[in-house]
Amino acid sequence: MTFDDEVDVAVIGGGACGLVAALRAARARDLVVAVYEKSVRDGCNTRFSSGSLAAGGTRHQRAAGVDDSPERHARDILAVSGDAASAPIVHALCRAAPRYVEWLADELGHPVELGRDMARSGQSVPRLHTDTGRAGGARLVRTLRDAVAAAPNIAFVDETPGAGLVAEDGRVTGVEVLENGVRRRVHARAVVLAADGFAANAAMMAEHCPDARGAFYGGVSTSTGDAIGWGLGLGAAVRNMGAFLGHGMVVPGHGTRLNPVLPFLGALLVGTDGRRFADEKAQGYSKLGRLIAARPGGRAVLIWDERMHEIAMHSELMRESAAAGAFSRHDTLADLAASLGLPPDALAGTLGGFRAVSTEDDPRGVDHGPLRFPLYAGRVTHGVLTTQGGLLVDETGRVLHRDGGTIGGLYAGGGSACGISGPSTEGYMSGNGLLAALGFGWIIGDRLAATLGPPPT
Ligand SMILES: Cc1cc2nc3c(=O)[nH]c(=O)nc-3n(C[C@H](O)[C@H](O)[C@H](O)COP(=O)(O)OP(=O)(O)OC[C@H]3O[C@@H](n4cnc5c(N)ncnc54)[C@H](O)[C@@H]3O)c2cc1C
């Protein structure tokens, strides 16, 4: 077999998983690491995410008096997903999470803060970490790319998609990439698949995630399932292929999202008939997407008050929604009903009987009374952000063969791997996506530095 190039570690995909894997592997200074990226211009999901990092047991939580641990984090994830078989992976990722959150803050200078105002379904304590300016995933990607640019032994090769794996005797020995459309073969001692999932691949979505039909797609065009397809071609096992990160607070016609903290602050969700159809706080935004999908026209309306609004506006996605004109402010019920096309009598009845309970202001869930005008309101629909299933890996990120054992030289993480959200859209807990991306990047990169790098002297 002849090759055009040679590296120690070839990473396919330059989102959170690929960048963290490269940075951690490259700590072994003798290793040559290359990240092949399909297109920075078209983007990665990490860039468009809220950049919320779930981690249990960080110094940021300790400073805020929050008692948490990787074990508690793992328990919460497993309770929501119900996927006991994923426990070894979940525990490994949760152990990595506080370490990479502190690494981002202390070594890469990322402005990390604990989002105390970011309550999410299933999280027993405040656990989402974000950047101080709440700029979200764009800020996270900038931090990681700056660190990659400063690493002397990492090449970030943009506009050069991976096109396949090279295998000899069942072991992966390299990758094929397209450089200006020309196929080149790169020899690598290890290949890391970090190309995310398949939510932008209509055929794969129809086959594996039929529940997502008709949903707004809020992810990037690059998530076409390439890596999962190559793995399958080599006999890899896959798992949780029907799982996806859905969203119930996508604004129709705009594609932005309302802040998922709103239901937890006491916002009211009504159908187009002006009546409630779900307990707003009883599920995460992924499962909420499924409930809204079942409503007439797949539409609902979220209504919140001034106090909730002030808190919710601390997020980039809410600021984007405001800029897009995705919600409106109303001083009277008549104005609210007319503007949103809701039957005024039914809406009056619903508002009269609704009590906003704020977990933000009162963790004991004390009744805060009815919603008071002025009120804000926005139409919401269901969306798909990313898929959550993929190549079956062990807790060190090694890809497993469907006949048992591992496929030598091959690792996968983030959206290319099997995920930790169970088999459907209902098992997703906020933060799971970036946890599987940064967590596997961390675990795989550290393993490669330890196993391929020079022995310690
Ligand atoms: C709108 C939105 C909001 C979200 N908010 C959150 C959140 O707040 N918290 C959370 O935990 N999760 C969130 N998620 C999910 C999270 O963003 C993803 O799970 C995570 O970013 C996946 O990381 P990744 O590194 O696997 O993939 P990505 O970040 O998508 O990176 C994959 C990269 O691979 C590249 N690629 C694809 N195919 C190839 C190929 N053949 N060759 C080379 N490169 C290739 C792509 O161009 C891309 O750059 C959100 C997702 C979306 C869409």
Shortest non-hydrogen contact from G14 toward C44: O-SG, 4.5 Å

Check against side chain to side chain contact (heavy atoms under 4.5 Å, CB included), V112 and V101: CA-CA 8 Å; V112 174; V101 165; 3.9 Å; yes

Side chain to side chain contact (heavy atoms under 4.5 Å, CB included) against R72, all qualifying residues, sequence neighbours excluded: D68, S69, R75, S124, V125, R127

Smallest separation among heavy atoms of A54 and H73, with atom names: O-CE1, 3.4 Å

Under 3.5 Å: donor-acceptor pair, side chain of T350, backbone of A346: yes

Close side-chain approach of L245 and V384, heavy atoms under 4.5 Å: no

Main-chain N/O of G389 paired with N240 side-chain donor or acceptor, under 3.5 Å: no

Worked verdict on D158 versus R145 for salt bridge (charged side-chain N to carboxylate O under 4.0 Å, His left out): CA-CA 12 Å; D158 194 13; R145 284 221 194 107; over 6 Å; no

Between CD1 on residue I89 and CD1 on residue I420, distance to nearest 0.5 Å: 8.5 Å

Residue among E113, E320, E316 satisfying salt bridge (Lys or Arg N to Asp or Glu O under 4.0 Å) with R134: E113

Sub-6.0 Å ring centroid separation between Y217 and H247: no

Inter-residue atom distance L336.CG - L351.CG, 0.5 Å rounding: 7.0 Å

Straight-line distance of T425 OG1 to F244 CZ, nearest 0.5 Å: 4.0 Å

Over all atoms of both residues, closest heavy-atom pair of S430 and Y285: OG-OH, 3.2 Å

Donor-acceptor contact below 3.5 Å, side chain S50 vs main chain S52: no

Backbone N/O of G246 and side chain of S286: donor-acceptor pair under 3.5 Å: yes

More than 12 heavy atoms of other groups within 6.0 Å of D279 CG: yes

Check: H129 side chain, L53 main-chain N or O, donor-acceptor pair, under 3.5 Å: yes

Side-chain heavy-atom pair L438, L104 within 4.5 angstrom cut-off: yes

From CA spacing to verdict: side chain to side chain contact (heavy atoms under 4.5 Å, CB included), I303, F354: CA-CA 11 Å; I303 301 171; F354 182 71; over 6 Å; no

Exercise: do H330 and T332 side chains pair donor with acceptor under 3.5 Å: no

Test: R184 and E176 ion pair at under 4.0 Å: no

Pairwise side-chain contact, V380 with L258, heavy-atom cut-off 4.5 Å (strictly under): yes

K287 and S424 side chains, donor-acceptor separation under 3.5 Å: no

K38 side-chain N/O to T222 backbone N/O, donor-acceptor pair under 3.5 Å: yes

Heavy-atom closest contact (G255 atom, V250 atom, distance): CA-CG1, 4.2 Å

T143-R139 side chain donor-acceptor pair, cut-off 3.5 Å: yes

Nearest-0.5 Å distance that lies between atom CG in L108 and atom NE2 in H110: 9.0 Å

Side chain proximity check, W230 to I12, heavy atoms < 4.5 angstrom: yes

Flag for R398-Y411: side-chain donor and acceptor within less than 3.5 Å: no

Contacts of type ring pair (Phe, Tyr, Trp, His ring centres under 6.0 Å), residue H208, not counting sequence neighbours: F198

S81 OG to E426 CD distance, which is reported to the nearest 0.5 Å: 12.0 Å

Chi angles and distances behind the side chain to side chain contact (heavy atoms under 4.5 Å, CB included) call for I407, L400: CA-CA 6 Å; I407 298 180; L400 301 177; over 6 Å; no

Within 45° cone of W103 ring axis and under 6.0 Å: R24 NZ or CZ: yes

Side chain proximity check, R183 to L178, heavy atoms < 4.5 angstrom: yes

Side-chain heavy atoms of D394 within contact of V399, under 4.5 Å: no

Evaluation steps, side chain to side chain contact (heavy atoms under 4.5 Å, CB included), between D331 and F373: CA-CA 6 Å; D331 289 322; F373 284 92; 5.6 Å; no

Exam field: side chain Q61 to backbone P126, donor-acceptor pair closer than 3.5 Å: yes

Sequence-distant partners of E159, salt bridge (Lys or Arg N to Asp or Glu O under 4.0 Å), two or more places apart: R41

Exercise: identify the closest heavy-atom pair between A10 and V175: CB-CG2, 4.0 Å

R295 NZ/CZ over F277 ring centroid, <6.0 Å and within 45° of normal: yes

Side-chain donor-acceptor contact under 3.5 Å, Y376 with S328: no

Heavy-atom donor-acceptor pair, D305 side chain to L375 backbone, under 3.5 Å: no

Step-by-step salt bridge (charged side-chain N to carboxylate O under 4.0 Å, His left out) determination, R276 to E280: CA-CA 9 Å; R276 290 177 79 200; E280 291 81 354; 2.5 Å; yes

Between S421 and N432, a side-chain donor and acceptor under 3.5 Å: yes

Rounded distance [0.5 Å steps], OG in S416 versus CG in L391: 6.5 Å

Donor-acceptor contact below 3.5 Å, side chain N259 vs main chain V261: yes

W304 side chain near F327 side chain, heavy-atom distance below 4.5 Å: yes

I228 to G390 - nearest heavy-atom pair and separation: CD1-CA, 3.9 Å

N-O pairing of R329 and E306 below 4.0 Å: yes

4.5 Å side-chain heavy-atom contact, V80 and D76: no

Side-chain donor/acceptor of R402 to backbone N/O of L232, under 3.5 Å: yes

